[in-house]
Amino acid sequence: MAEVLVYVDHVDGAVRKPTLELLTLARRIGEPVAVALGNGAADTAAALAEHGAVKVLTDDASEYGEYLVVPKVDALQAAVAAVSPAAVLVPSSAEGKEIAARLALRLGSGIITDAVDLEAGDEGPVATQSVFAASFTTKSRVAKGTPVITVKPNSAAVEAAPAAGAVEALSVTFSAQATGTKITGRTPRESTGRPELTEAAIVVSGGRGVNGAENFAVIEALADSLGAAVGASRAAVDAGWYPHTNQVGQTGKSVSPQLYIANGISGAIQHRAGMQTSKTIVAVNKDAEAPIFDLVDYGVVGDLFDVVPQLTEEIKTRKG
Ligand code: FAD
């Protein structure tokens with residue numbers, strides 16, 4: 001069976017959820033071989049094996065943490081040469097997409113970015129993308145070289161599939177460009193205790209209807225009752241009620257959670273562009289004619305200040 005390389009996104013050995021989702025997709029195409037780099041690389045092996053990695057190629061050289069993406073591209077190129085995989089899968093983060101693009105260029109391969117699904121095809125893996133503000137989905141395959149595919153978070157379930165996960169050292173010779181851009185400092189973001197917006201399984205968003213920064217406490221309370229991330233429309237961000245890092249949409253972040261709850265958001269095309277691939281969409285809006293209701297699975301016509309606190313209390317009660 002063909003092997004499929006999966007680039008591991010991890011923090012000091014703790015594997016991030018999008019990588020585990022990639023393992024689910026990789027198993028549809030072949031046998032997943034994970035590539036874990038940098039500090040704590042070998043510590044990822046147990047989690048990766050639990051989710052289907054037959055092998056884990058590791059290199060904990062300090063260069064991965066000291067320089068921007070090129071050392072990681074060098075390592076993936078070495079892994080491709082060692083394994084001759086059927087495909088290389090990379091999480092669709094900003095860094096992941098840069099790594100994937102550079103790797104595809106090196107390999108002379110085609111690349112597909114931001115896939116939301118992946119299946120085996122007769123002539124190689126077939127990726128589904130959501131395009132034109134999520135108005136269409138396309139299916140495509142890489143027709144040249146080793147397919148390099150980035151996949152958006154929440155595109156697949158995390159599945160337990162115990163495999164050997166044998167750790168092997170990856171031998172990497174860094175290119176002349178590897179040390180070209182040095183990281184000079186890192187400032188950890190203040191933690192809200194909530195999941196990262198693009199990776200969250202549930203996103204609760206607020207728009208102009210929230211009507212003030214202080215009122216976002218209502219949105220946050222619902223998010224916290226569900227263990228969700230908080231999103232915001234551009235109108236709410238432009239008004240200064242919530243940080244731009246939380247903006248969902250064309251000029252914000254693109255999210256694809258299992259559940260998206262839009263509160264006081266009209267559903268403009270630019271907002272939909274960032275959330276329309278969510279699996280289940282719920283909206284609370286006091287205007288029954290709001291365009292958001294055209295795309296929801298469940299809609300509540302009502303004042304969010306009546307509906308959302310009741311919903312939060314009900315969820316808390318049911319959770320005990
Ligand atoms: P509105 O459209 O004003 O809607 C507010 C809604 O709240 C209304 O439907 C109203 O009925 C409802 N409401 C009011 N009070 C309550 C209440 N008490 N209870 C329940 N409902 C209530 N927008 C984005 O979101 N993300 C983007 O990335 C983005 N990028 C853009 C890029 C470009 C180039 C352009 C031109 C626009 C972009 N926009 C983006 C802006 C977008 O066009 C809309 O203006 C914006 O999404 C509207 O935000 P909103 O739905 O919160 O506000």
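Just so you know, ligand 1 is whichever comes first in the structure, and atom 1 is the first atom listed for that ligand.
- Scanning the protein for heavy atoms near atom 18 (N) of ligand 1, the closest one is Asp303 OD1, 3.1 Å.
- Applying the 4.0 Å criterion to heavy atoms of Gly249 picks out, from ligand 1, the atoms 26 (N), 27 (C), 28 (O).
- Panel note: side chain Ser130, backbone Thr137; no donor-acceptor pair is recorded below 3.5 Å.
- For Asn154 against Gln258, the heavy-atom pair with the smallest separation is O-NE2, 4.2 Å.
- Considering backbone and side-chain atoms together, Gly252 places an N or O closer than 3.5 Å to an N or O of ligand 1.
- Shown here are the salt bridge (charged side-chain N to carboxylate O under 4.0 Å, His left out) partners of Asp59, two or more places apart in sequence or in another chain: there are none.
- Scanning the protein heavy atoms around atom 27 (C) of ligand 1, the nearest turns out to be Gln247 NE2, 3.2 Å.
- For atom 9 (O) of ligand 1, the closest non-hydrogen atom on the protein side is Asn285 ND2, 2.8 Å.
- In this model, a donor atom of one side chain and an acceptor atom of the other lie less than 3.5 Å apart for Glu220 and Tyr242.
- Using a 4.0 Å threshold on non-hydrogen atoms, atom 45 (O) of ligand 1 does not count as touching the protein.
- In terms of protein heavy-atom proximity, atom 29 (C) of ligand 1 is nearest to Thr251 OG1, 3.4 Å.
- For atom 13 (N) of ligand 1, the nearest protein heavy atom (residue, atom name, distance) is Gly209 CA, 3.7 Å.
- Remark: distances from the non-hydrogen atoms of Gly302 to ligand 1 include one below 4.0 Å.
- Short contacts between ligand 1 and Ala268, defined as distances under 4.0 Å to a heavy atom of the residue, involve ligand atoms 42 (C), 43 (O), 44 (C), 47 (O).
- Annotation: atom 33 (C) of ligand 1 to nearest protein heavy atom, Arg234 NH1, 3.4 Å.
- In summary, the side chains of Thr317 and Glu313 do not present any donor paired with an acceptor at a separation below 3.5 Å, with no hydrogens or angles considered.
- Contacts between Ser233 and ligand 1, counted as non-hydrogen atom pairs separated by less than 4.0 Å, involve both the backbone and the side chain.
- When only modelled atom types and interatomic distance are considered, Asn246 and Lys253 share no side-chain donor-acceptor pair under 3.5 Å.
- Nearest protein neighbour of atom 2 (O) of ligand 1, counting heavy atoms only, is Ser266 OG, 2.6 Å.
- Polar contact with ligand 1: absent for Phe305 (N/O pair, distance under 3.5 Å).
- When each of Lys139, Arg141, Arg28 is checked for a salt bridge (charged side-chain N to carboxylate O under 4.0 Å, His left out) with Glu119, only Lys139 meets the rule.
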>> With salt bridge (Lys or Arg N to Asp or Glu O under 4.0 Å) as the criterion, how do Asp114 and Lys97 come out once you've worked through the C-alpha distance, each side chain's angles and the decisive distance to 0.1 Å?
In response: CA-CA 8 Å; Asp114 285 339; Lys97 282 193 269 191; 3.1 Å; yes
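- At under 3.5 Å, a nitrogen or oxygen of Gly264, whether backbone or side chain, sits near a nitrogen or oxygen of ligand 1.
- Side chains of Gln77 and Arg106: a donor-acceptor N/O pair is present below 3.5 angstrom, by distance only.
- Distance from atom 22 (C) of ligand 1 to its nearest protein heavy atom, with residue and atom name: Lys286 CG, 3.7 Å.
- Under 4.0 Å from ligand 1, the heavy atoms of Val248 that appear belong solely to its backbone.
- Side chain to side chain, Ser175 and Asp74 meet the donor-acceptor criterion of an N or O pair below 3.5 Å.
- Checked by atom type and distance alone, the side chain of Lys319 never pairs as donor or acceptor with a backbone atom of Glu314 at under 3.5 Å.
- Below 4.0 Å from some heavy atom of Gly207 lie the following atoms of ligand 1, by number and element: 52 (O).
- Heavy-atom proximity to atom 25 (O) of ligand 1, evaluated over Glu289, Arg272, His271, is greatest for His271.
- In this structure, Lys72 fails the cation-pi test against Tyr64, since its NZ or CZ atom is not both closer than 6.0 Å to the six-membered ring centre and inside 45 degrees of the ring normal.
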